[in-house]
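Step one of this worksheet: look at the structure below.
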Amino acid sequence: MPKHLVTALGLIVSLGVIALGVFLVALPLYFQAVGVDGQTATVANTNAIYQAQVDHLTAEEENLEQINAEVSGLRSQIPATAQLDDVFEVVGRAAEASGVSLTSVTAGEQVLFTTRTGVIDGDAAAVAPAPAPEPTPSATEGAADTTAGATTDAAAGGGIAAAAGRQQVDFVISASATDMAQATAFLDALRAGPRLLNSITATTTQSGEGTFDVQITALTFMDAEG
């Protein structure tokens with residue numbers, strides 16, 4: 001066999017061995033390295049997300065006292081239990097601050113909370129004078145008026161739905177004020193809390209020279225679910 005042919009065959013065999021080594025060893029190692037790089041990038045991104053969450057929690061921990069104070073403030077407005085003494089205390093402080101004389105404070109029964117979807121005039125009402133008396137209707141007319149009134153209350157601005165876990169208590173407050181400004185100051189003090197009084201309605205009647213009788217209804221709430 002000619003010498004140059006042997007050399008060519010040797011070269012071909014050498015190239016084949018090199019190519020086989022590349023496909024069997026080098027390429028798998030390369031693809032493995034690429035996969036490891038991808039996993040490393042994924043882990044780095046995950047660690048960055050975790051670190052951002054840790055930083056956020058650390059910042060929240062620094063504000064923990066403020067958050068707890070805000071939660072306590074909200075809980076003082078709507079506690080987990082009735083704690084009606086808080087309401088009587090709010091009423092007493094409001095009377096003392098405004099100068100009105102309390103006549104009576106009566107708490108109703110604790111009932112299931114109802115959500116009102118419409119605007120209730122009493123929620124934003126100022127002290128309104130009591131309306132003039134109207135002629136007394138007959139029994140038939142009274143029954144019809146009661147039915148019509150119930151239908152109107154259900155349909156006009158006051159869609160009511162029960163909310164499980166929440167309850168409410170209605171309060172009736174009677175007081176005597178020397179003028180309308182004093183009665184208004186009493187209402188403002190009631191709204192100031194800290195116990196939440198909502199759906200406040202008030203009527204006044206002048207009972208004598210410089211004396212006004214104030215009749216107020218309001219709701220307070222409790223939420224056992226927090």
Side-chain angles (χ1 to χ4, degrees), residues 60 63-131 153 157-158 160-226:
E60 292 293 333
N63 298 327
L64 187 59
E65 292 184 2
Q66 180 181 353
I67 294 174
N68 289 336
E70 292 176 354
V71 171
S72 298
L74 293 175
R75 178 54 72 190
S76 67
Q77 294 182 16
I78 305 179
T81 57
Q83 299 181 18
L84 299 183
D85 288 345
D86 293 348
V87 180
F88 288 103
E89 185 177 350
V90 168
V91 174
R93 285 202 303 263
E96 182 180 359
S98 60
V100 303
S101 299
L102 286 177
T103 304
S104 66
V105 182
T106 306
E109 294 186 2
Q110 186 171 322
V111 297
L112 193 64
F113 170 75
T114 52
T115 303
R116 288 165 172 77
T117 58
V119 177
I120 301 174
D121 292 339
D123 289 341
V127 180
D153 289 342
I160 296 177
R166 302 176 185 177
Q167 294 184 323
Q168 64 186 33
V169 175
D170 65 292
F171 271 79
V172 178
I173 304 167
S174 299
S176 177
T178 58
D179 53 36
M180 296 296 290
Q182 194 177 62
T184 302
F186 180 49
L187 281 175
D188 292 339
L190 287 177
R191 293 190 179 99
R195 183 65 181 267
L196 177 64
L197 289 173
N198 201 4
S199 300
I200 297 177
T201 60
T203 57
T204 62
T205 54
Q206 188 168 1
S207 58
E209 185 67 26
T211 304
F212 293 86
D213 292 333
V214 184
Q215 188 79 5
I216 299 171
T217 60
L219 293 176
T220 190
F221 309 101
M222 60 247 25
D223 187 357
E225 296 179 354

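Counting only distance, with no hydrogens or angles, the side chain of S98 and the backbone of A94 share a donor-acceptor pair below 3.5 Å.
Closest non-hydrogen pair, R195 versus Q83, comes out as NH1-O, 2.9 Å. Among all heavy-atom pairs drawn from V87 and L197, the shortest one is CG1-CD2, 3.9 Å.
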Sequence neighbours excluded and cut-off under 3.5 Å, please list the side-chain donor-acceptor pairs for residues 99-109, or say none.
none

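Judged as a salt bridge (charged side-chain N to carboxylate O under 4.0 Å, His left out), and not counting sequence neighbours, the contacts of E89 are R93. Residues passing the side chain to side chain donor-acceptor pair (under 3.5 Å) test with Q215 are S174, sequence neighbours excluded.
For residues 166-208, the pairs satisfying ring pair (Phe, Tyr, Trp, His ring centres under 6.0 Å) are F88-F171, with sequence neighbours left out. Pairs of residues two or more places apart, or lying in two chains, that qualify as salt bridge (Lys or Arg N to Asp or Glu O under 4.0 Å) and include a residue from residues 174-189 are D188-R191. Sorted by first and then second residue, the salt bridge (Lys or Arg N to Asp or Glu O under 4.0 Å) pairs involving residues 96-108 (not counting sequence neighbours) form an empty list.
You'll find the side chain of V169 reaches within 4.5 Å of the side chain of M222, heavy atoms only.
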Point to revise | F221/R166 under side-chain contact (heavy atoms from CB on, under 4.5 Å): CA gap, chis, key distance, verdict | key: CA-CA 7 Å; F221 309 101; R166 302 176 185 177; over 6 Å; no
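To the nearest 0.5 angstrom, T220 atom OG1 is 8.5 Å from D86 atom CG.
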